[in-house]
Every structure is written in structure tokens, then in C-alpha cells.
2 protein chains.
Amino acid sequence: MAVFDLLGRRWAQRVIWELREGQPTFRALRERCGNPSPSVLNTRLAELREAGVVETVEGGGYRLTEDGRRLLEALLPLHAWAERWAKRVSPG
Amino acid sequence: MAVFDLLGRRWAQRVIWELREGQPTFRALRERCGNPSPSVLNTRLAELREAGVVETVEGGGYRLTEDGRRLLEALLPLHAWAERWAKRVSPG
DNA sequence: CCGCTGTGCTACGATTTTCGTAGCAGAGCG
DNA sequence: CGCTCTGCTACGAAAATCGTAGCACAGCGG
């Protein structure tokens with residue numbers, strides 16, 4: 001179950017989620033994620049790049065690979081569940 | 001994005017996955033997950049119980065709630081992606 | 001009553017991960 | 001040369017996790 005090793009780390013899923021559109025820079029991505037420390041973000045990005053789901057953009061910025069976009073789609077049901085769950089936990 | 005807070009912690013997703021069938025005891029669950037330290041497992045179980053996705057069984061053991069089972073279903077696409085990905089990363 | 005076994009779970013020092021802040025090297029531009 | 005952006009590193013402090021040991025309780029056989 002290597003996926004839990006890749007995606008079970010802090011910020012990993014969040015990074016993929018925040019890369020769902022655009023090609024944010026390192027700093028912009030960091031801000032979108034809620035300002036994790038740059039060292040961790042860099043480590044995650046390195047892991048995700050090595051896993052082939054994230055890639056750098058010529059001239060700066062990051063984006064999902066084709067594989068990454070498939071992973072993002074696989075995260076959609078989880079997100080749908082999360083929204084229903086959030087409403088149930090703290091309605092309003 | 002509270003779901004990343006709940007499921008972005010180590011072992012959280014794994015615990016849910018390993019509860020997909022049966023009602024394993026604390027120790028059995030721990031073994032299935034690959035022996036995380038009991039303190040972390042207990043913390044995760046407490047968080048998941050508070051979130052309402054895991055519950056204890058009368059007479060011992062743990063299982064998913066109805067909500068937990070829905071969450072498990074939301075994890076299936078992620079798992080399907082993971083299997084394809086694992087084959088691509090290390091074929092054979 | 002005693003011991004054996006299994007249950008959930010706690011304690012605690014060691015290790016690993018993450019945090020938070022500061023700053024570096026390089027590129028582009030005036 | 002200086003300003004601003006880029007990705008990224010350094011480093012001490014804090015938090016999370018590890019690994020091992022063991023506690024309290026319950027059931028059951030003798």
C-alpha cells in the first residue's frame with residue numbers, strides 16, 4: 001500500500017488539490033495550502049515529482065501531470081464526502 | 001478543508017481501509033496496519049470515533065459506522081488509481 | 001481463589017517530522 | 001548596480017511518531 005506512504009504524509013493531498021487549476025508558483029502554492037513550512041512543501045513536491053504526479057513548468061510554477069490529473073479525479077469522491085461531513089459536523 | 005486534517009495524518013486512511021471488513025480487535029487492527037505504535041493508533045481511533053466514522057463493538061473490536069462505510073467508498077477510486085500507479089512505478 | 005489469556009489502552013524516552021523564520025543563488029529588468 | 005521575482009536551503013524549536021513495556025479489566029478453567 002505505497003499510496004498511503006505517498007498520500008498519508010502531511011500536505012500531500014492538499015498540494016494535489018490546490019494544483020487543480022492554474023500553475024501557481026512555489027510561494028503561491030504555499031499560500032493556497034495554508035503556509036506549510038517551505039522545507040516540507042519542497043519535500044512533498046520532490047516526492048510528488050518523483051512519483052510522476054506533479055511537474056515544474058518552464059519559466060516557473062507547478063502543475064499536475066496527466067497522471068496527477070487522474071489522481072485528482074480519484075480524490076473527487078473523497079472531497080464530496082468531506083463536504084457532506086463538514087456540514088454534519090458544524091452545520092452553518 | 002478539515003478532511004485533510006483528519007485524513008492527512010499518518011495511518012488515518014490506512015485504518016479506515018483495514019476496517020473494510022470484519023471487526024478486528026485493537027491488536028489485530030494494529031497488525032493489519034503494519035504495527036504503528038499503539039499510542040498513535042489509539043489517537044487515530046479516538047479522532048475517527050469523534051468524527052463519527054469508526055465505532056467500537058460491544059464485546060471488543062472496531063468497525064466502520066455507516067458514515068465510515070461511505071467514506072470507504074469514497075476512497076475506492078483513490079485505491080484504484082494507486083494500484084495502477086504501483087504497477088507503473090514497479091512493474092512485476 | 002488462582003492463574004492464564006485476551007481485551008483496550010497508557011507511559012516514556014528516543015527518533016523523526018514538521019514548524020517558523022531567515023536568507024541564499026539565480027534570472028529578468030531598469 | 002539595485003530591485004523584484006523565482007525556487008529553494010538552513011537551523012533551532014516544537015510536535016508527531018516510534019518502540020517497548022506494562023497496566024487494569026474481563027472471562028474462563030482448575
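Proteins get letters first, then strands, A, B, ... in listed order; numbering begins at 1 in each. All of these numbers come straight from a predicted model, not from anything done at the bench. These values consider heavy atoms only, across backbone and side chains, with no hydrogens, waters or symmetry-generated copies.
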Under 4.0 Å between a side-chain nitrogen and a carboxylate oxygen: does that hold for A/E66 and A/R70? yes

Phosphate oxygens OP1/OP2 of C/dT10: is one of them under 4.0 Å from a side-chain N or O of B/N42? yes

In whole Å, what is the span from the CG atom of A/L6 to the P atom of C/dT17? 15 Å

Answer yes if B/L76 and A/W81 sit in the same cluster of Ile, Leu, Val, Met, Phe, Trp and Tyr residues linked by side chain heavy atoms under 4.5 Å apart, and no otherwise. yes

Please determine if a side-chain N or O atom of A/R9 lies less than 4.0 Å away from the OP1 or OP2 oxygen of C/dT18. no

Check this for me: does the side-chain of B/R27 come within 3.5 Å of the base of C/dG6 through a donor and an acceptor? no

Nearest whole angstrom, please: distance from the P of D/dG7 to the CG of A/L41. 10 Å

Among the candidates D/dT17, C/dT10, D/dG7, find the nucleotide nearest to the side-chain atoms of A/F26. D/dG7

What's the CD-P distance between B/E58 and C/dT7, to the nearest Å? 17 Å

Rounding to a whole Å, what distance do you find between A/R14:CZ and C/dT18:P? 16 Å

Please classify the nucleic acid contact of A/S39 as base, sugar-phosphate, or nothing, using heavy-atom distances under 4.0 Å. base

Can you work out whether B/N35 or A/A28 has the more 5'-proximal nearest nucleotide on DNA chain D? A/A28

Return yes if some donor-acceptor pair links the side-chain N/O of A/T65 with the main-chain N/O of A/G52 below 3.5 Å, else return no. yes

Please confirm whether the shortest side-chain N or O distance from B/R10 to OP1 or OP2 of D/dC18 is below 4.0 Å. yes

Among C/dT18, D/dA10, D/dC18, which nucleotide has an atom closest to any side-chain atom of A/P38? D/dA10

Tell me the interatomic distance from A/W11, atom CH2, to D/dA15, atom C1', rounded to whole angstroms. 14 Å

Salt bridge check, A/E18 against A/R14: does any charged N sit closer than 4.0 Å to a carboxylate O? yes

Using a cut-off of less than 4.0 Å, is there contact between a side-chain N or O of B/R44 and OP1 or OP2 of D/dT17? yes

Got a donor-acceptor contact below 3.5 angstrom from the B/R20 side chain to the B/W17 backbone? yes

So what does B/G61 touch, heavy atoms closer than 4.0 Å: a base, only the sugar-phosphate, or nothing? sugar-phosphate

Is B/T25 near enough to C/dT7 that one of its side-chain N or O atoms lies under 4.0 angstrom from OP1 or OP2? yes

Whole angstroms only, please: what is the CZ-C1' distance between A/R30 and D/dT9? 13 Å

